[in-house]
Amino acid sequence: LGTYGNGFVVGREGCHVVTNFHVAFGVSKSHDPAIDTVIIAKPDIGHEVSVEVDLDPATGVMARRILANVVEFGDYMPNDSRGFKEDLALLKLSKCLGHRYGGVRLQPHEDGVHTPGEVILSTLSLSKSKNGQSALLIESQCVAANDTPVAGIFFSNCKTIPGMSGSPVFRVDTDGRFTIVGITTGTLSPAGKAELNYAIFSSALTPFVQGVLGT
């Protein structure tokens, strides 16, 4: 997406993508998401983003590029914990992807529920190397922390590398379907402790998406 990052299709017709605000509006001067990344001066509705889709596993090249426009975004505030859960943007694709990519299931918002609970979590994302090739990264068998310092944010031990922002955190239900419980947003490195993945939980993510697309 754009300069870097991930996103996932939402909506029954596959016409929208949800990602992080900092992915939709971020610019990396060095073409490396870990270095010199800044937010554009005036984020606004209608901002154009390039979305790459259809990974060819044999070559590591994305087959298509589709333009999209931002239709909604959160009140993101960098370096402010209250703004972490607003690190969201919804894009409308210029060409819908149809049922091939549409119909993802988001966990419903439940009052007073701030973490996924004691379930096994996974992440799925694409990482792009310096030569422009992409690789699919899957992390499974990770779990969320039992508490959270900010309602709408949860921590987990899912591994995260630069460029994974905007990728889904999901669980696999008994019917075999994926349910997305959050969106990978960044990492936190507490002093003397292992690095943690922090993600925006469904309590903030689902109402944001449904506020535009409905149920």
Side-chain angles (χ1 to χ4, degrees), residues 1-10 17-24 26 28 32-35 37 51-58 60-62 84-85 87-89 101 103-107 113-150 152-190 192-206 209:
L1 279 171
T3 305
Y4 68 97
N6 280 254
F8 51 91
V9 175
V10 290
V17 169
V18 64
T19 187
N20 288 130
F21 180 104
H22 77 265
V23 172
S28 181
D32 184 338
I35 302 174
T37 299
V51 179
E52 294 180 325
V53 298
D54 294 341
L55 174 67
D56 183 340
V61 175
M62 305 296 281
F84 287 171
K85 68 178 181 180
D87 192 359
L88 294 167
Y101 293 104
V104 66
R105 184 161 62 181
L106 299 175
Q107 176 169 296
V113 179
H114 301 304
T115 73
E118 297 180 358
V119 296
I120 302 301
L121 301 175
S122 301
T123 61
L124 177 67
S125 63
L126 286 170
S127 177
K128 182 172 288 189
S129 64
K130 292 182 179 180
N131 64 7
Q133 291 185 320
S134 297
L136 188 64
L137 303 179
I138 301 173
E139 169 77 2
S140 60
Q141 301 298 310
C142 49
V143 294
N146 291 326
D147 57 355
T148 175
V150 179
I153 296 290
F154 71 91
F155 295 124
S156 76
N157 63 351
C158 299
K159 294 179 181 178
T160 304
I161 63 173
M164 282 182 63
S165 292
S167 57
V169 182
F170 60 91
R171 67 171 192 262
V172 181
D173 294 327
T174 55
D175 61 3
R177 289 185 62 188
F178 296 159
T179 293
I180 293 179
V181 302
I183 180 171
T184 297
T185 302
T187 58
L188 183 68
S189 301
K193 296 183 179 180
E195 185 177 74
L196 294 172
N197 170 315
Y198 71 84
I200 299 172
F201 185 50
S202 58
S203 60
L205 172 63
T206 301
V209 174

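Values below: every heavy atom of this structure, side chains too, minus hydrogens, waters and symmetry copies. Bear in mind the structure is a predicted one, so any value in this text is a computation, not a measurement.
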Note, [X] side chain near [Y] side chain (heavy atom, < 4.5 Å):
X      : Y      : value
Glu139 : Asn197 : no
Val18  : Phe8   : yes
Val10  : Val17  : no
Phe170 : Val104 : no
Phe201 : Val113 : yes
Tyr198 : Asp87  : no

Under the salt bridge (Lys or Arg N to Asp or Glu O under 4.0 Å) test, residues paired with Asp173 that sit two or more places apart:
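With sequence neighbours excluded, Asp173 shows a salt bridge (Lys or Arg N to Asp or Glu O under 4.0 Å) to Arg105, Arg171, given in chain and number order.
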
Could you walk me through whether Thr187 and Leu196 pass the side chain to side chain contact (heavy atoms under 4.5 Å, CB included) check?
CA-CA 6 Å; Thr187 58; Leu196 294 172; over 6 Å; no

Using every non-hydrogen atom in the two residues, find where [X] and [Y] come nearest and quote the distance to one decimal.
X      : Y      : result
Gly5   : Val23  : CA-CG1, 3.9 Å
Ser203 : Gly152 : OG-CA, 3.5 Å
Leu121 : Val143 : CD1-C, 4.3 Å
Glu52  : Met62  : O-CE, 3.3 Å
Gln141 : Ile120 : CA-CG2, 3.5 Å
Lys85  : Leu88  : O-CD1, 3.7 Å

Can you tell me how far the [atom1] atom of [X] sits from the [atom2] atom of [Y], to the nearest 0.5 Å?
X      : Y      : atom1 : atom2 : result
Ile183 : Thr206 : CD1   : OG1   : 11.0 Å
Ile138 : Thr123 : CD1   : OG1   : 8.5 Å
Leu106 : Thr179 : CG    : OG1   : 8.5 Å

Going by side-chain contact (heavy atoms from CB on, under 4.5 Å), Ser125 matches just one of Thr184, Val169, Leu137. Which one?
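For Ser125, the side-chain contact (heavy atoms from CB on, under 4.5 Å) check succeeds only for Leu137.
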
So, using side-chain hydrogen bond (donor to acceptor under 3.5 Å, both in side chains) as the criterion, who are the partners of Thr185 when residues are at least two apart?
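Scan of Thr185 (side-chain hydrogen bond (donor to acceptor under 3.5 Å, both in side chains), adjacent residues dropped) gives Asn20.
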
Return the set of residues passing side-chain hydrogen bond (donor to acceptor under 3.5 Å, both in side chains) with Ser202 (not counting sequence neighbours), or none when no residue passes.
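Counting only residues at least two positions away or on another chain, Ser202 forms a side-chain hydrogen bond (donor to acceptor under 3.5 Å, both in side chains) with Gln107.
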
Residue pair Ser167 / Asn6, side-chain donor-acceptor N/O under 3.5 Å:
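No, Asn6 and Ser167 have no side-chain donor paired with an acceptor closer than 3.5 Å.
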
